[in-house]
Amino acid sequence: MRLSGLEGSETILLKRNFTGANLSVLRALVEDTAAAEGLAGVRLGEFTLAISEIADNAVEHAGGRGHLELRRLTHELECRITDNGPGFTPAIPELLPGLDNTRSGRGLWLARLVTDRLTIAAGATGAAVTLAMRLR
């Protein structure tokens, strides 16, 4: 599906609901789809890893399920992962969790480290994490 917007065109590449039982299939679909759009090498691996970490967080902390939507924007791939969990305060640690006496936040920390853009919208219930990687 191609949508037009102010920033140019947007193509939805992949939409999936997921649970812990199908995370490995989700990772493979994300990697194959991103590769087909031109993401390659280390950046492909980092994008896939970041998405996997955020999807795993949804399964572990937000009721065991989530929804993923992967889009192609003009110059980047963007992935949005949403859940209907209990909500949280979106704070990404500056240091690798475990080095600064905290234990949570490793997935968010890693995802922020390896992607070009990461945003979090969280409320009393549910969260949406958006990750993006520029296509070079």
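Note that the structure is a prediction, hence the values are computed from the model and not measured.
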Report task. Quick one: closest heavy-atom pair of I54 and L108, and the distance? Result -> CD1-CD2, 3.7 Å
Query raised in the report: In terms of hydrophobic clustering (I, L, V, M, F, W, Y; side-chain heavy atoms under 4.5 Å; direct or indirect links), are L73 and L77 co-clustered?
Result: no
Query raised in the report: Would a distance-only check, ignoring hydrogens and angles, find a side-chain to backbone donor-acceptor pair under 3.5 Å from D32 to L29?
Result: no
Query raised in the report: At what distance, to the nearest 0.5 angstrom, does CD1 of I120 lie from OG1 of T130?
Result: 9.5 Å
Report task. Would you mind reporting whether I81 and F18 have side-chain heavy atoms less than 4.5 Å apart? Result -> yes
Query raised in the report: Are L135 and R72 close enough that some pair of their side-chain heavy atoms sits under 4.5 Å apart?
Result: yes
Requested in this report: State, to 0.1 Å, how close G107 and N57 come at their nearest heavy-atom pair, and which atoms those are.
Outcome: CA-ND2, 4.1 Å
**Report entry** Distance, nearest 0.5 Å, that separates OG1 of T11 from CG of L70
**Finding:** 10.5 Å
**Report entry** Minimum heavy-atom distance between D56 and L23, given as atom pair plus value
**Finding:** OD1-CD1, 3.6 Å
Report task. Mind listing the closest non-hydrogen atom pair of I12 and E69 along with its distance? Result -> CD1-OE2, 4.0 Å
Query raised in the report: Which atoms form the tightest heavy-atom contact between T33 and L13, and what is the distance?
Result: CG2-CB, 3.6 Å
Can you list, pair by pair, the side-chain donor-acceptor contacts under 3.5 Å of residues 41-53, counting residues two or more places apart and other chains?
unit_1: R43; atom_1: NH2; unit_2: D116; atom_2: OD2; d: 2.6
unit_1: R43; atom_1: NH2; unit_2: R134; atom_2: O; d: 2.9
unit_1: T48; atom_1: OG1; unit_2: L44; atom_2: O; d: 2.9
unit_1: S52; atom_1: OG; unit_2: R27; atom_2: NH1; d: 3.0

**Report entry** Non-neighbouring partners of E78 that pass salt bridge (Lys or Arg N to Asp or Glu O under 4.0 Å), sequence neighbours left out
**Finding:** R71, R117
Report task. Indicate yes or no: at least one non-hydrogen side-chain atom of L39 is less than 4.5 angstrom from one of M133. Result -> yes
Requested in this report: Under the side chain to side chain contact (heavy atoms under 4.5 Å, CB included) rule, what do L68 and C79 come out as? Steps first, then yes or no, please.
Outcome: CA-CA 7 Å; L68 176 142; C79 182; 3.6 Å; yes
